[in-house]
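See structure below.
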Amino acid sequence: MLLELFPLVAKGYLEGKRKAEFEAKREANRKSIAAERAKIKRTAKLKIRDLTLRDGQQSLFATRVPQHEIEKVLPYYKAANFYAMEVWGGAIPDSVMRYLNEDPWYRLESIKKEIGDVSYLTALSRGRNLFGYSPYPESVIEGFNKNAVKSGLGIMRIFDCLNDVKNMETTIKYIKEAGGIADCAVCYTVDPKFTRKQRIQAMFSGKKLPKKIFDVDYFINKAKQMEALGADMISVKDMAGLIPPSLSGKIVKRLKNEVKVPIDFHTHCTPGYGLGAVLMAIVNGVDIVDTNILNFAGGPAAPAFEIIQIFADKLGLDTGVDLDAVVKINAELKGIRERIAEFDSYKMFPREFDITADYLPADIDALFDKAISLAKADNEAELLEVCNAIDAWFNFPAPNEEVKNAEIPGGMYTNMLAQLKGLGLEDLLPTVLKKVPEVRVAAGCPPLVTPSSQIIGVQAVNYVLDVNSGKAPYTNVNNQFFNLVKGEYGETPIDIDPDFRQKICGQREATPYDVSKYKAPENLVLEEFGGVKLAQNEKEMLLLELFPTVALPYLKNLRAEAFYNEQAEIEEEKQREAAERRAAFDSMSAEEKEEKVLRGLYNIEWLSAQDKTEIKQPEWKVSKLDQKTIDMLNREKPKSTLKGE
């Protein structure tokens, strides 16, 4: 009625009233939910490693969150009290230099300054390869880990793309010597998936295809080897999100029984296993799980913390996380996501959900209870259905069926597709997918993780392109595939056929990478910027060594900026001094100005020192100038502009 009688006035009044009613209801909910949570009997702890500021933004937004956006959420993170925060490593050091023109070391140091000792700061590195493809000498590995800890790092998560623990040994040593925690990651991967036709062809050709390689025993044995080398904790790292829930539970259960150090579980949601796999890890006693906050979760990223917290409440587990702070972080993340929308791979925001003030609908709440029962019963098929329904209610992307069926990482899949699209041959993708297992087995069956997954993917495309153009397979071999087969990456899970190595590399025996051949990049002297060195300290030199093609232009820009800023300051100082001299001159009387001008004639800048000594300063009251010169000066003297004259 009010809207009909007073449409303009009533609209604002009623909108305000509805908003006030909504806020009042939310506040009542907030108090009620807090009281209910306070009554929960917590019988155990579940630690949370938040991945939002590293893996989250890398998975969803191409690592494009700039420093000023990071700083907006840090005060809330300090209040949140996560066990750990992954904030560095991975693509961060490269991307912040390459795309944001920012200092990677400052990124880590600034976060440490704000967070302090509330949460461990963690990073990700590739063992002796650190962030690159080739191994580094011990001096570089030691320098990097020492400076990382000095800059605020608490935990270094170390992995190797072949699960070759020898490649992790030096990093374990140096991170522990520096005072950090060595988190050693067992990289989860799947066995090659062959068609029935491929198996029959292999049988008739006399080349046996491998049986089960990556069983539970494989992962447990790798973890034990890492523990023996000094690992302070073990992570089951499923970077492709391919671990199904049942297997997740079995691996975690065995690790808890057979390994003494804490166990962390890490996965992604791309194929739709993520949430179910994390829940199975929890019910089987995992110590730590990796999550992202709601607006940076789901899809290619890890499961949402808010969902895991609901499961923790129902299971009587204490995460120790301040939920009010999480709500504030999530609100900021939404704004950040909107501001970097051009890099958003999904542009699909999750449901607005305040874990401190919003009740779940009864049917959705029942799904959480059902999921827990199914996980405890190890009923994987139904568990996946229920967990996918929970994800769908929160409006997360649906499982990627192509990736799920191909059983390869999402990034590997999209890279191969992009490679073929660039050639206008995307219709060859099904053929490439069939060749991936063959190429992988030929190369020793490396785990499908970064960077080995990309190496195998590129070579599978090359294989199909060779055959498609009438050439023999492996006519075109990418350099990294060559190095992998040669043995430079380390020991592969299965032996490489010497005949195949001879075909690719021209040698039958494996040859490890010779670190003695390593040459550090030259620290250039930049004459154009005042003769300064490109890298000014050890940390900058490490950037140059680890990311030579990216760090060189980045550091050169820094030196140029510093040089031009210095020149600008010098010019500014000159201008300031000149202004002071002008002001001093303007404040003089006419007689003082005349005297100063005349004195200036006897201090001409272009005169030599000897010339100046030969000219005697005049006594102005008894001038030694001839009368003709005096008359000339008087005639040319400018009229005074001083008032009162």
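For clarity, every value in this text was computed on a predicted model and none was experimentally measured.
The minimum heavy-atom distance between P446 and L484, with the atom names listed, is CG-CD2, 4.1 Å. Taking each heavy atom of T171 and I141 in turn, the nearest pair found is OG1-CG2, 3.8 Å. Taking every heavy atom of both residues into account, V515 and P135 meet most closely at CG2-CB, 4.4 Å. Between P447 and T189, the shortest heavy-atom distance links the atoms CA-OG1, 3.5 Å. The two residues G444 and T492 make their nearest non-hydrogen contact at O-CB, 3.4 Å. The shortest heavy-atom contact between I172 and L229 is CG2-O, 3.5 Å.
Taking the charged nitrogens against the carboxylate oxygens, K250 and D378 do have a contact shorter than 4.0 Å, which makes a salt bridge. Salt bridge present: D499 and R508 bring a charged side-chain N and a carboxylate O closer than 4.0 Å. Salt bridge status for E102 with R107: present, with a side-chain N to carboxylate O gap under 4.0 Å. Ionic pairing of E258 and R254 is present here: one or more N-O contacts between side-chain nitrogen and carboxylate oxygen are shorter than 4.0 angstrom.
By the neighbour-count criterion of 12 heavy atoms within 6.0 Å, atom NZ of K253 is sparsely surrounded, having that number or fewer from other residues, nucleotides or ligands. Counting non-hydrogen atoms of neighbouring residues, nucleotides and ligands closer than 6.0 angstrom, the CG atom of D495 reaches no more than 12 such neighbours. Residue K256 qualifies as enclosed at atom NZ: its count of foreign heavy atoms under 6.0 Å is above 12. Counted within 6.0 Å of CG on D217, heavy atoms from surrounding residues, nucleotides or ligands total more than 12; the atom is thus considered enclosed. When the shell of 6.0 Å around NZ of K434 is examined, it contains 12 or fewer heavy atoms from other residues, nucleotides or ligands. Other residues, nucleotides and ligands contribute over 12 non-hydrogen atoms within 6.0 Å of the CD atom of E401.
In this structure, the side chains of E488 and P512 stay at 4.5 Å or more apart for every pair of heavy atoms. Here the side chains of S125 and M156 are in contact, with some heavy-atom distance below 4.5 Å. You'll find the side chain of F343 stays beyond 4.5 Å of the side chain of V65, heavy atoms only. Using a 4.5 Å cut-off on side-chain heavy atoms (C-beta onward), D232 and K176 make contact. Annotation: side chain of K539 is in contact with side chain of E109 (closest heavy-atom distance under 4.5 Å). Proximity of L534 to M541: side-chain heavy atoms (C-beta onward) are nowhere separated by under 4.5 Å. You'll find the side chain of K533 stays beyond 4.5 Å of the side chain of L526, heavy atoms only. Looking only at side-chain heavy atoms (C-beta outward), P399 and P271 stay at 4.5 Å or farther from each other.
For the pair D160 (side chain) and N167 (backbone), a donor-acceptor distance under 3.5 Å is absent. Of the possible polar contacts, none joining the S235 side chain to the K237 backbone as a donor-acceptor pair under 3.5 Å is found. With hydrogens and angles ignored, the 3.5 Å screen pairs no side-chain donor or acceptor of S452 with any backbone N or O of L448. For D238 (side chain) and Y188 (main-chain N/O), no donor-acceptor pair under 3.5 Å exists by modelled atom type. Side-chain N or O atoms of S345 include one that pairs as donor or acceptor with a backbone N or O of L60 at under 3.5 Å. Counting only distance, with no hydrogens or angles, the side chain of N163 and the backbone of P493 share no donor-acceptor pair below 3.5 Å. No side-chain donor-acceptor contact under 3.5 Å links Q502 to the backbone of P498. For the pair N292 (side chain) and T52 (backbone), a donor-acceptor distance under 3.5 Å is present. A donor-acceptor contact shorter than 3.5 Å is absent between the side chain of W105 and the backbone of S151. With S469 contributing its side chain and L465 its backbone, the two residues share a donor-acceptor pair below 3.5 Å.
Residues D55 and S59 have side chains that bring a donor and an acceptor to within less than 3.5 angstrom of each other. A donor-acceptor contact closer than 3.5 angstrom is absent between the side chains of T270 and N400. N462 and N476 share no side-chain donor-acceptor pair at under 3.5 Å. A donor atom on one side chain and an acceptor atom on the other are found under 3.5 Å apart for Y174 and E138. For the residue pair R157/T122, the side-chain donor-acceptor check at 3.5 Å is not satisfied. With hydrogens and angles left out, the side-chain atoms of E86 and Y120 include no donor and acceptor closer than 3.5 Å. Remark: the K435 side chain and the T431 side chain contain no N/O donor-acceptor pair separated by less than 3.5 Å. Side-chain contact of R98 with T549: a donor-acceptor pair under 3.5 Å is absent, judged by distance alone.
Rounding to the nearest 0.5 angstrom, the gap separating the CG atom in L552 from the CD atom in E522 is 10.0 Å. To the nearest 0.5 Å, atom CG of residue L433 and atom CE of residue M412 are 8.5 Å apart. Separation of atoms OH (Y273) and CG (L242) is listed at 7.5 Å; rounding is to 0.5 Å. To the nearest 0.5 Å, atoms SG (C161) and CG (N129) are separated by 7.0 Å. A distance of 9.0 Å separates OG in S139 from CG in L542, rounded to the nearest 0.5 Å. Between atom NE2 of residue H268 and atom NE2 of residue H266 there is a gap of 3.0 Å, rounded to the nearest 0.5 Å.
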Is there a salt bridge (charged side-chain N to carboxylate O under 4.0 Å, His left out) between K556 and E528 once you walk through the steps?
CA-CA 11 Å; K556 195 168 184 179; E528 66 271 37; 3.8 Å; yes
Kindly indicate, with the supporting measurements, whether the criterion salt bridge (charged side-chain N to carboxylate O under 4.0 Å, His left out) is fulfilled by R559 and E540.
CA-CA 12 Å; R559 303 292 87 87; E540 290 187 346; 2.9 Å; yes
Are L100 and Q67 close enough, and set up right, to give a side-chain contact (heavy atoms from CB on, under 4.5 Å), and what steps lead you there?
CA-CA 9 Å; L100 305 176; Q67 179 69 27; over 6 Å; no
For D287 and Y83, what are the C-alpha separation, side-chain angles and deciding distance, and is it a side-chain contact (heavy atoms from CB on, under 4.5 Å)?
CA-CA 11 Å; D287 300 288; Y83 163 71; over 6 Å; no
Can you check side-chain contact (heavy atoms from CB on, under 4.5 Å) on R49 and I155, steps first, answer last?
CA-CA 11 Å; R49 184 191 316 231; I155 301 173; 4.2 Å; yes
Hey, mind stepping through Y218 and K212 against side-chain contact (heavy atoms from CB on, under 4.5 Å) and telling me if it holds?
CA-CA 10 Å; Y218 170 87; K212 188 72 175 174; over 6 Å; no
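Annotation: cation-pi pair R64/Y99 present, NZ/CZ under 6.0 Å from the ring centroid and within 45° of its normal.
The ring of F61 has its center closer than 6.0 angstrom to the ring center of F296.
Aromatic ring orientation, F481 versus Y474: parallel (interplanar angle below 30°, classes split at 30° and 60°). Ring orientation note: the planes of W88 and F144 are close to parallel, at an angle under 30° on the 30°/60° scale.
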